[in-house]
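Each remark here refers to the structure printed beneath this line.
Keep in mind it's a predicted model, so treat the numbers as computed, not measured. Residue numbering restarts at 1 for every chain, and letters A, B, ... go by the order of the sequence lines.
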2 protein chains.
Amino acid sequence: MHSPKRMLFLDLVLSVFRLNGLLIAEGDDMTEALGLTSARWKVIGVIALANSGLTVPGIARVLGQSRQAVQRITDVMVTDGLLSYQSNPKHKRSVLVLLTEEGRAAYKDLRDVQDPWAIQNTEDIPIEDLDAGLRLVRRLIQKFDK
Amino acid sequence: MHSPKRMLFLDLVLSVFRLNGLLIAEGDDMTEALGLTSARWKVIGVIALANSGLTVPGIARVLGQSRQAVQRITDVMVTDGLLSYQSNPKHKRSVLVLLTEEGRAAYKDLRDVQDPWAIQNTEDIPIEDLDAGLRLVRRLIQKFDK
DNA sequence: TGTTAAATGACAACATACTGACATAGATCA
DNA sequence: TGATCTATGTCAGTATGTTGTCATTTAACA
């Protein structure tokens, strides 16, 4: 039967798809002047937020994407001077991905447009709602992440 | 400053990206035996859930995608016999997209795997949490949708 | 009504992402 | 230790999705 709970869940799934597309479009608009694209600010954001060094597959895991897709982006970004690879003492082949000086500057520019955007879009949403939503999303991520 | 609210929001955005990727992977695994792909079951799902006839740009709006991307998928699906185009009395050029007999059978198969999946993944989540999460996602969608 | 703006189909170019496959490095465990 | 399984880099092919452009249809409106 079409239980309310099941319909709610399927509705939530479709809505997440839609929100995902809208968020990428928002980010692209926001960073157009910075010469960034969605694939690039996603990677920059993940690296900047990580305390320790991340490998390419590590970034892919955080983003829920294939390691090959991330590898392709990071290779181009290294060529463009935003990222650099550093030898990894823990793994002979899997290098660490770091922000270069230029990459850190790009992250600063990113934050300069992202922060007002985040503030503007949450000013009428209670922090408790955001927190509860994040907890639900994380709970679902845990279910599906292997 | 890194206000908690802003960090929460950015964390939520990244988490939505990740959940989106995981959900698509889940759906692809689930429908692999049915010969469907994520792009296809999204379209089938939208048409099946719509009461009235939808046009290609209409489907695109529901999914938050470009009409060109949807057009390409539906063209292939018409060739494969899952969908059919029907002349639209309200618009000379923009036809309506309908499920064929085969398309309806595919939707039934889709539901047969999707329903247990939905039930299984929500059994330990209170319906109030799902409802609150859906409301938050919709609230954000409204913000970004135009 | 006539003009203008918006929506749509069609086509092209490009960006992004997934899967598969293979070789090598690392981890696990008997 | 040695065998086996997993993780990673790399390359190739394919699917998905975006943007841009142009012609045509539809809608809006002065």
**Message:** Taking the nucleotide of DNA chain D with the nearest heavy atom to each, does A25(A) or S94(A) sit closer to the 5' end?
**Reply:** S94(A)

**Request:** Decide yes or no for D80(B) and E102(B): does some side-chain heavy atom of the first lie under 4.5 Å from some side-chain heavy atom of the second?
**Result:** no

**Item:** I44(B)-L96(B) co-clustered via ILVMFWY side chain contacts under 4.5 Å
**Value:** no

**Prompt:** Counting just side-chain N and O atoms, does T37(B) come under 4.0 Å of either OP1 or OP2 of dT16(D)?
**Reply:** yes

**Asked** Are the side chains of L98(A) and L83(A) in touch, meaning some heavy atoms are under 4.5 Å apart?
**Response** no

**Message:** From OH of Y85(B) over to C1' of dT8(C), roughly how many Å is that when rounded to an integer?
**Reply:** 13 Å

**N20(B) CG to dA17(C) P, straight-line distance once rounded to whole Å** = 10 Å

**Asked** Does Q68(A) make a side-chain donor-acceptor contact with the base of dG13(D), cut-off 3.5 Å?
**Response** no

**Value in whole Å for how far the P atom of dA17(C) lies from CZ of F17(B)** = 10 Å

**Asked** Counting just side-chain N and O atoms, does R72(A) come under 4.0 Å of either OP1 or OP2 of dA12(D)?
**Response** no

**Prompt:** Of all the choices, dT19(C), dT8(C), dT8(D), which nucleotide is nearest to the side chain of P57(B) once you look at every atom?
**Reply:** dT8(C)

**Fill in**
The nucleotide from dT8(C), dA21(C), dG17(D) with an atom nearest the side chain of R67(A) is dA21(C)

**Message:** Over 60° means perpendicular and under 30° means parallel, so tell me whether W117(B) and F144(A) are parallel, tilted or perpendicular.
**Reply:** parallel

**Prompt:** Between I24(B) (CD1) and dA17(C) (P), how many Å, whole number?
**Reply:** 10 Å

**Prompt:** So, do D11(A) and S15(A) sit near enough that their side-chain heavy atoms are less than 4.5 Å apart?
**Reply:** yes

**Request:** Round to the nearest Å and state the distance from D75(A) atom CG to dT10(D) atom P.
**Result:** 7 Å

**Complete:** Writing each nucleotide of DNA chain C 5' to 3' as (, ), [, ], | or . by Watson-Crick or G-U pairing under 3.5 Å yields ||||||||||||||||||||||||||||||

**Item:** Minimum heavy-atom distance G133(B)-L136(A), with the two atoms named
**Value:** CA-CD2, 3.8 Å

**Message:** Output the rounded distance in Å from CZ (R93(A)) to P (dC22(C)).
**Reply:** 16 Å

**Item:** Side chain of H91(A) - closest among dG9(C), dA25(C), dA17(C)
**Value:** dA25(C)

**Asked** Which residue pairs satisfy the salt bridge (Lys or Arg N to Asp or Glu O under 4.0 Å) criterion with at least one member in residues 61-77 of chain A, sequence neighbours excluded?
**Response** none

**Complete:** Whichever of D29(B) and I73(A) has the more 5' nearest nucleotide on DNA chain C, that residue is I73(A)

**Nearest-angstrom distance from the residue atom CG of L22(A) to P of dT18(D)** = 10 Å

**Message:** Tell me the interatomic distance from K90(B), atom NZ, to dA7(C), atom P, rounded to whole angstroms.
**Reply:** 17 Å

**Asked** Do the side chains of V97(B) and Y85(B) get nearer than 4.5 Å, heavy atoms only?
**Response** yes

**Fill in**
Nearest-nucleotide check on DNA chain C, Q71(B) vs K42(A); residue mapping nearer the 5' end is Q71(B)

**Residue Q65(B), side-chain atoms from C-beta onward, closest of dG17(D), dT8(C), dA23(C)** = dG17(D)

